[in-house]
Engineer: 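I'd like to ask you about the structure that follows.
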Amino acid sequence: MEYDFRNLESKWRKNWQDRGTYHVHEDTTKPKYYVLDMFPYPSGAGLHVGHPLGYIASDIYARYKRLQGFNVLHPMGYDSFGLPAEQYAIQTGQHPAVTTEENIARYRQQLDQIGFSFDWSREVRTSSPEYYKWTQWIFKQLFDCYYDLKSNKAERIPALIQHFESVGNAAVQAVTDCEEQFSAEQWNSFSAQKKEEIIQSYRLAYLAESWVNWCPALGTVLANDEIVNGVSERGGHPVEQKRMRQWSMRIKAYAERLLEGLDRIDWSDSIKEQQRNWIGKSQGASLIFAIENSSETIEVFTTRPDTIFGVSFMVLAPEHPLVNQLVHPTHKDAVAAYQRDASLKSERDRQADVKNISGQALGAYALHPFTGERIPIWIGDYVLASYGTGAVMAVPCGDQRDYDFATHFQLEIKNIFADIDISEQAYTEKDAVIANSDFLNGLSAKSAMKKAIEAIEAKGIGKGKTNFRLRDAVFSRQRYWGEPFPISYTDEIPTLILDEFLPIELPEVDKYLPTEDGEPPLARAKKEAWNHFEGDRMEFNTMPGWAGSSWYFLRYMDPKNEKEFVSKEKVAYWQNVDLYIGGSEHATGHLLYSRFWTKFLFDQGYIPFDEPFAKLINQGMILGKSALAFLDEQGNMHSYDTIANDLSKYREVRILIDLIQDDESIDLDALRKWQPQFEAMNFVTNAQGKIIVKREVDKMSKRWYNVVTPDDLCEKYGADTLRMYEMFLGPLEQSKPWDTKGITGVHGFLKKYWRLFHPNGQFEVSEGQASKQAMKTLHKTIKRLRDDLDRYAFNTGVSSFMICVNELSEQKCNNRHVLTQLSILMAPYAPHITEEIWSKLSNDDSSIFDQSYPVFDEEFLKESDFEYPVSFNGKMRFKVSLNLELTPKEIEEHVLNMPESQKYLEGKTPKKIVIVPGRIVNFVI
RNA sequence: GCGGAUGUGGUGAAAUUGGUAGACACGCCAGACUUAGGAUCUGGUGCCGAGAGGUGUGCGGGUUCGAGUCCCUCCAUCCGCACCA
């Protein structure tokens, strides 16, 4: 019987579906295990071989855990709101829901053919109203909460209002942008509008006028993590700073906890480090400087309060609000000119132009808080308006940028470090002894910092402070294809829509473009188009892509619940995700936002944990091998091997990799048909009459013509082969190029496995006891697999199976026990073939996935002898098989007496003999 | 510039605590069976060398009886951050 993978695989996929093999239910008698993949955005291009890599790994792990007796939750869904469907809608007028539906169908078909154990009855789609009803609901909770610094968690707004009504806001310790202090009487006299404005500055989801990243090409604002190198992550369009009234999330309130939580989760160092960078905690002090002849003060943030006596000037950001008030009349024109120049530079230019030192004196002076010295105030664009207070106290001896600025403008450089030479550059290490600093003299930086902060606080001119780089996240997008907000406006005051009217569904619009006066697409919706309408108008913005993905892992636990986003019982059973697999590109987006929402839901008592993903693995990218051909100036194509020495004269063209044959030459007939430009092309072939291509590794993408899809491979070799080959390529985390050639090795292995059961063409296993040798092979494999999977090494697992099958083939073993155990071991990797084998072995209708995982027994591995490698000066020379019971002394004697040893000793007496029983023998001569 | 990761055959890679470097595959070479082979099987394959032997995990050094593995210096590639006060 042949290994007929086509029939066998489709048969079992249908069978699993009919039997509901992968449906899971809460079962408190079993320990739970939650394996999750980052759900995909269903794009029109479909899946290439890189996409399923992580899904295959998680599927293997999920099945492995199941066989070990865990109740495994392993769901899948779609992150189905997003820009591409909307861009397509703008071009074609096709509703994005239609495109999305089609793409999902295609994804599903592609996923199905790989044989995953997803419980599809739990599928979620972020764009379905049943799902986004709860995204809206969570938004409402965020809107209705503020961050209380006393309890160190999110608390409800009504409690805050009560405080305001009874005692004002002085006693409230909360994370807020509100700078105003008011008493209870004042609060009670405020207008409704004013009250809401103040409350907005406390809400965790809030509406505020703020500087946002506006992307004109996409017609929407973007969050910081959606901008890479100054351009939009999607499409690479320019982004500008604009002041707009937008929804934001007060993620800053959670900065400290987001940082602290990293220590409790098993993620890669690189992702943790990226999150730490992004959060950007720095400790120091805020400090107020008085200004000569002015009642204004300048607040600065510094991480080096110990260097306070080294301050010799101050620098404000050109945009700093005090600049215009402080500037001396004689400097007015120069300052205005500098401000104008700075404003013309984009954020990006300012970042790129680090070398050029520029600045302008204001002609005004601050007063040193301890010495009373006059300190000149400058503006300079190396100071950012958006970080800290937009002002720095410059200490040139301890900060290189201040040093460069001082040198450039010939400002004073005070040396406050004992025995440190600062004639060439600033001394930025924190290990010098402080000098010339009054009460800080003789102290180390660390104790000086403490003492300086004490003195600053005692004087009432500042306090110790922690600053974060993390900005609040803009939460609204001026787009159509996203979640509508559960918000209406009356007199431009935002009001929440009651739960009973949720979901607020996306209304129909005539076009998916902004209105003529620049309002977002939803402004086009007629009043009747909304399923619920109140107030003067509904919110026109929609939520960003990360809204739905921040909590989807919770919905899988209870996907059909119409009363709650997830029931307390279910979330108490499933808890957080045990293993999460996905790409590292979400380091500072999705992965940070989900952590934020999880902590918030935890604070409010909806879920019993505050970190969503206990272990995270970032799979590496599968790269494509592009095929390059070379054209000369006349447009003739040359074979790469004939011109490899001098490529400079030739123009590269990328050829569809499907047209490349095994010997790296192009199928010229197919090429002529592929694109018109090749139809009449002249080919300058090599001696064999071929056009050889050069290979180059690129990202796998349609534009490089190097895409390999799982469809073709499943058709040609079967899903089990594809699954194993993807794992066989190398460690999951590593990026690696795809080379289809190697797949035959894995396919051949599966055939060899099949032949173990069909030694004479017919299914035939022998009963009775297995040979000692076969048991050793089996248990060696059990141990390896267990160890490999426990450290998520999926690649070495495949090798272990190959070794096992090679050995059993050699032993001509078809013992029922051995082959059954091997099949269960292999089932997570190759579910179809092993299920087929199981059906033949068991003769009942049970599934191999309801069996239990083989248990390793050391007994079978015990050996009486060991083949010792014998080394001389660390170089292995020969081997000798010796009984493991021998003592080191006995080993030494035996080996020394061997003629081979005498040869390598050359008559000398060894200086030292190292014997590690069961390991090695080494002579030092 | 700062931080993180990675460097092993022609290729993908393995070597879990320092103990036989290159397992397992691809490719290549030779052979068997076959009308045929892109099927299957057998043998070989790090490099230099006819051989004995030498040499070998990015470079250079160190610790050790013994280093791919530990330590130091440097180089290369990839990723992240980048005037963060």
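Numbered from 1 within each chain, the chains take letters A, B, ... in sequence-line order.
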Engineer: Any sub-3.5 Å donor-acceptor pair from A/Tyr868's side-chain atoms to A/Gly918's backbone N or O?
Structural biologist: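 Looks like yes, one N/O pair under 3.5 Å.
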Engineer: Let me know the distance between CD of A/Gln734 and C1' of B/G7, rounded to the nearest Å.
Structural biologist: 10 Å
Engineer: Mind calculating the distance between CZ (A/Arg469) and P (B/C81) to the nearest angstrom?
Structural biologist: 8 Å
Engineer: What's the verdict on ring-ring contact (aromatic ring centres under 6.0 Å, His included) for A/Phe405 and A/Phe313, showing C-alpha distance, side-chain angles and the deciding distance?
Structural biologist: CA-CA 10 Å; A/Phe405 195 86; A/Phe313 58 100; 5.6 Å; yes
Engineer: Are any of A/Gln400's side-chain N or O atoms less than 4.0 Å away from OP1 or OP2 of B/G1?
Structural biologist: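 No.
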Engineer: Does A/Lys625 or A/Asp399 map to a spot on RNA chain B nearer the 5' end, using the closest nucleotide for each?
Structural biologist: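 Closest to the 5' end, via its nearest nucleotide, is A/Lys625.
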Engineer: Examine B/A14: is either OP1 or OP2 under 4.0 Å from a nitrogen or oxygen in the side chain of A/Asn795? Give yes or no.
Structural biologist: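 So the side chain of A/Asn795 is within the cut-off, an N or O lying under 4.0 Å from OP1 or OP2 of B/A14.
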Engineer: Tell me which nucleotide, if any, is Watson-Crick or G-U wobble paired with B/A52 when both distances must be under 3.5 Å.
Structural biologist: none
Engineer: Write out a two-atom table: protein N or O, nucleotide N or O from nucleotides 64-67 of chain B, distance below 3.5 Å.
Structural biologist:
unit_1 : atom_1 : unit_2   : atom_2 : d
B/C65  : O2'    : A/Asn922 : ND2    : 3.2
B/C65  : O2     : A/Asn922 : ND2    : 2.8

Engineer: Name the pairing partner of B/G10, where a pair is Watson-Crick or G-U wobble with both distances under 3.5 Å, or state none.
Structural biologist: B/C26
Engineer: Just how far, in rounded Å, is P of B/A14 from CZ of A/Phe794?
Structural biologist: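 Distance check: A/Phe794 CZ to B/A14 P gives 14 Å.
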Engineer: Using nucleotides 23-32 of chain B, report all nitrogen or oxygen pairs with the protein that are shorter than 3.5 Å.
Structural biologist:
unit_1 : atom_1 : unit_2   : atom_2 : d
B/A23  : N1     : A/Ser799 : OG     : 3.4
B/A25  : OP1    : A/Asn806 : ND2    : 2.6

Engineer: To the nearest Å, how far apart are A/Glu733 CD and B/A14 P?
Structural biologist: 10 Å
Engineer: B/C48 and B/C81: how far apart are their C1' atoms, nearest whole angstrom?
Structural biologist: 46 Å
